[in-house]
Amino acid sequence: MASGYLCSMSKKVRVRFAPSPTGGLHLGGMRTVLYNYLFAKKNSGDFIVRIEDTDQSRYVAGAEEYIFNCLKWAGLEPDESTIHGGEYKPYRQSERKDIYRKYAEQLIKDGHAYYAFDTPEELEKMRNDFKTDHNHSPQYDGLVRMKMRNSVTLSSDETKKLLDEGARHVIRIKMPEHETITFIDMIRGEVSFDTSLVDDKVLLKADGMPTYHLAVVVDDYLMKISHAFRGEEWLSSAPVHVLLWKYLFGINEMPQWAHLPLILGPNGKLSKRDGAKYGFPVFAMNWTDPKTHELVEGFKEKGFLPEAFLNLLALLGWNDGTEQEIFTKEELIEKFSIERIHSSGAKFDYEKAKWFNHEWMKRLQISDLPAGRQGLRFQIETFFNTKGITISDNVKFEKIIALVKDRCNLLTDFYDQSYFFFITPDKWDVDAVKPKWNEDKKNYFESWVSKLTDTKEWDSVSLENDFKLLAAEKNIKPGELLLPLRVMLVGGKFGPPVFEIAAVLGKEETIKRIKSAIIMFQ
RNA sequence: GGCCCGUUCGUCUAAGGGUUAGGACACCACCCUUUCACGGUGGUGAUACGAGUUCGAAUCUCGUACGGGCUACCA
């Protein structure tokens, strides 16, 4: 197990994360950022977020803003300069093409890379020709290299001629024949690969854009990254990156890698399709795929609290060794350690995710939100607005939220749990009352209403006292009257304690609902 | 097919050679509550398999099985 990297660190911690904007910001990506953030915070380091900007993703407009907003919502304090400016700009790969080409040419000069002129058709043919039962997908390796059109097989005159003519070409790394590449992963410890099993990866594409392999190494060097976190899916290409560091900048300059275990859906790697299929969000915030126009729902819009989102994400593959499960962001920063990150993938469990949110809902203090969190109040009000309810009385609103939050899993549950405070129910569970409804009860409620009309005290305790006093006078068990009263006020058998409801509804509305219900129960 | 990574209740996980293998979600039962929840108490439920090392293995080693990842001019 790797250890001691904290004390041996000589430069500032900078962590880097490269989300793919084509797919929004999913759970795995978000967790990578979170671990980056926790690690950087803990070590007073910088936190660089950079977005891959490749030919495939360039069509995505607004991706930077989207990711910025996701991080902001989750409380990961993104600094606008880490996306658009600052010391290391530009960040878009398309604006750094010259830099990548310079390093790619450098590799060729040193004999570690070469020009390859093969067309896609020729590559396709090669893969077909070399395909055997024992080798499903032949690679562009040391053997194949000698049979293709590239600057290794071509004479230098031929190569120069092609380049001068402007022939389409890529630059490939020349993998050494039999070398064992070993590096230390912060989570897995020592990992080694044989170079003969890795192919000559493309470093610079025909359009002049770098592949991830070149970009990650060059950028991490230029941006002085000391620790790099990424998903486990990158582990198999790590030897390419290690080699590039060795050739370009020296192995001692290489950042420390942490390959995070994958977050799994019900069937393997979590995909955005899983969300639609199984009914849970996979992205931090709503994301509309610009090509397919398909909307993928986000945790925010689904009604998750950012505190809960961070909490559940952090615990998916990490724990502090105690039985504590609810952590504030500050506690996470304090207790986070890379040593305790798991090496195996974790299956995402939506039921448990909702439990985390419920725990945070119970802790929610809407009347006492810190300055930076007013957006949450706006969000809750918006949920009501979309259902046709406008919040006019803030004090009442806060009381209602406090009254029902314990029984809500998601912010969106607020409506179902409390709409009857704002609008008179249009449906009553008459069947629950009618069989036991009689003249005595009718008389009771009629006299209670007339008492209420004169009462001055309007709080849940005195309402309940008066209610029970009158019941004793009329010789009726209070228990017989509570259910009818509840149905009168809320329409059904649910909701917070009934006298609390009456207290919040107010005198006029309470009396009105009882009166109309008495008529209905006939 | 090849390579890499992994494997403790259904799920997330604790236990760093000695524990009745602990906790949480979910599920079930009971209690609380004259509604629905919250909450409380208890229950069902796991070391993939096979060898080896050891007085002693979930823990160390090897093999097998299973799962996942990679195998693109995608990231």
Side-chain angles (χ1 to χ4, degrees), chain A residues 1 18-23 29 52 54-57 116 118-120 123-124 127 131-140 168-172 185 187-188 191-194 196-199 201-213 215-216 230-239 259 261-262 264 266-269 312 315-326 342-356 358-359 361-362 404-409 413 417 429 432 477-483 485-487 490 492-498 501:
Chain A
M1 205 46 163
S20 152
T22 45
E52 296 298 339
T54 67
D55 54 347
Q56 201 186 52
S57 59
D118 317 288
T119 62
L123 287 173
E124 178 74 9
R127 292 203 177 95
K131 198 154 145 190
T132 64
D133 287 347
H134 297 291
N135 191 354
H136 283 188
S137 54
Q139 311 201 81
Y140 204 116
R168 272 180 78 85
H169 65 276
V170 301
I171 295 178
R172 286 180 181 271
D185 180 87
I187 293 170
R188 280 150 231 282
V191 182
S192 34
F193 294 86
D194 190 324
S196 63
L197 273 354
V198 185
D199 62 340
K201 291 266 181 258
V202 170
L203 301 178
L204 204 70
K205 299 185 252 183
D207 63 359
M209 290 287 281
T211 59
Y212 176 82
H213 308 297
V216 75
R230 60 185 181 187
E232 192 186 339
E233 68 267 32
W234 289 108
L235 196 54
S236 19
S237 40
H259 289 93
L262 265 13
L264 278 7
N267 305 305
K269 195 173 162 183
L312 73 92
L315 272 278
L316 213 49
W318 173 89
N319 71 83
D320 74 340
T322 71
E323 281 171 5
Q324 183 176 352
E325 297 209 77
I326 303 300
H342 272 241
S343 47
S344 55
K347 204 177 275 186
F348 175 67
D349 180 0
Y350 187 47
E351 291 305 318
K352 183 121 189 191
K354 280 192 290 193
W355 174 78
F356 273 111
H358 184 214
E359 288 299 311
M361 290 288 276
K362 288 193 282 183
V404 301
K405 62 178 181 164
D406 280 9
R407 55 198 77 210
C408 296
N409 278 321
D413 294 340
Q417 292 294 337
D429 190 353
K477 281 189 213 151
E480 300 272 306
L481 300 163
L482 283 168
L483 186 64
L485 177 61
R486 169 171 298 280
V487 175
V490 311
K493 295 191 278 185
F494 54 86
V498 70
I501 296 173

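The chains referred to below are lettered A, B, ... by the order of the sequence lines, with proteins before strands, and numbering in each begins at 1.
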Looking at every strand, decide which applies to [X] at a 4.0 Å heavy-atom threshold: base, sugar-phosphate, or nothing.
{"X": "A:Asp413", "value": "nothing"}
{"X": "A:Leu482", "value": "base"}
{"X": "A:His259", "value": "nothing"}
{"X": "A:Lys354", "value": "nothing"}
{"X": "A:Val170", "value": "base"}
{"X": "A:Pro497", "value": "base"}
{"X": "A:Arg168", "value": "nothing"}

**Request:** Starting from the 5' end of RNA chain B, give me the residue, A:Glu323 or A:Pro478, whose nearest nucleotide shows up first.
**Result:**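 So the residue in question is A:Glu323.
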
**Message:** Both A:Cys408 and A:Pro138 contact RNA chain B. Taking the nearest nucleotide for each, which residue is further toward the 5' end?
**Reply:**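 Going by which nucleotide is closer to the 5' end, it is A:Cys408.
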
**Request:** Decide side-chain contact (heavy atoms from CB on, under 4.5 Å) for A:Arg486 and A:Ile501; before the verdict, give the C-alpha distance in whole Å, the side-chain angles of both, and the deciding distance to 0.1 Å.
**Result:** CA-CA 9 Å; A:Arg486 169 171 298 280; A:Ile501 296 173; 4.1 Å; yes

Pairing partner of [N] (Watson-Crick or G-U wobble, both distances under 3.5 Å):
{"N": "B:rC38", "value": "none"}
{"N": "B:rC66", "value": "B:rG6"}
{"N": "B:rU61", "value": "B:rA51"}
{"N": "B:rA21", "value": "none"}

Select one nucleotide: of [options], the one nearest the side-chain heavy atoms of [X].
{"X": "A:Glu233", "options": "B:rA75, B:rC38, B:rC73", "value": "B:rA75"}
{"X": "A:Trp234", "options": "B:rG69, B:rU13, B:rA75", "value": "B:rA75"}
{"X": "A:Glu359", "options": "B:rU35, B:rC73, B:rG39", "value": "B:rG39"}

Taking only the [atom1] atom of each, what is the distance from [N] to [M] in whole angstrom?
{"N": "B:rA57", "M": "B:rG16", "atom1": "C1'", "value": "13 Å"}
{"N": "B:rC36", "M": "B:rA29", "atom1": "P", "value": "15 Å"}
{"N": "B:rC12", "M": "B:rG68", "atom1": "P", "value": "14 Å"}

For [X], side chain to side chain contact (heavy atoms under 4.5 Å, CB included) partners two or more places apart:
{"X": "A:Ser137", "result": "none"}
{"X": "A:Asp320", "result": "A:Trp318, A:Thr322, A:Gln324, A:Phe327, A:Lys335"}
{"X": "A:Phe494", "result": "A:Tyr419, A:Phe420, A:Val490"}
{"X": "A:Lys347", "result": "A:Leu264"}

**Message:** Rounded to whole Å, please give me the gap between CG in A:Leu312 and P in B:rA26.
**Reply:**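 After rounding, the gap between these two atoms is 14 Å.
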
**Prompt:** What's the CG-C1' distance between A:Asp207 and B:rA72, to the nearest Å?
**Reply:**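 Roughly 14 Å, once rounded to whole Å.
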
**Request:** Under the salt bridge (Lys or Arg N to Asp or Glu O under 4.0 Å) rule, collect the residues that match up with A:Glu359, sequence neighbours excluded.
**Result:**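 Listed in chain order: A:Lys362, A:Arg363.
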
**Message:** For the CH2 atom of A:Trp355 and the CG atom of A:Asp349, what is their distance to the nearest 0.5 Å?
**Reply:**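 A:Trp355 CH2 to A:Asp349 CG: 11.5 Å, rounded to 0.5 Å.
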
**Spatial distance of atom CE (A:Met361) from atom SG (A:Cys408) [nearest 0.5 Å]** =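 It comes to 4.5 Å.
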
**Prompt:** What string of B, S and - do you get for nucleotides 1-12 of chain B, 5' to 3', if B is base contact, S is sugar-phosphate-only contact and - is no contact with any protein heavy atom under 4.0 Å?
**Reply:** B-SSSSS---SB

Is [X] near enough to [N] that one of its side-chain N or O atoms lies under 4.0 angstrom from OP1 or OP2?
{"X": "A:Lys493", "N": "B:rA37", "answer": "no"}
{"X": "A:Lys269", "N": "B:rC70", "answer": "yes"}
{"X": "A:Arg230", "N": "B:rG69", "answer": "no"}

**Item:** Assigned glycosidic conformation for B:rC38 [threshold 90° from 0]
**Value:**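 B:rC38: syn.
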
**Request:** Determine the interplanar angle of the A:His213 and A:Trp234 rings, folded into 0 to 90°, and report it as parallel if under 30°, tilted if 30 to 60°, perpendicular if over 60°.
**Result:**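 Rings of A:His213 and A:Trp234: perpendicular, as their planes differ by over 60°.
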
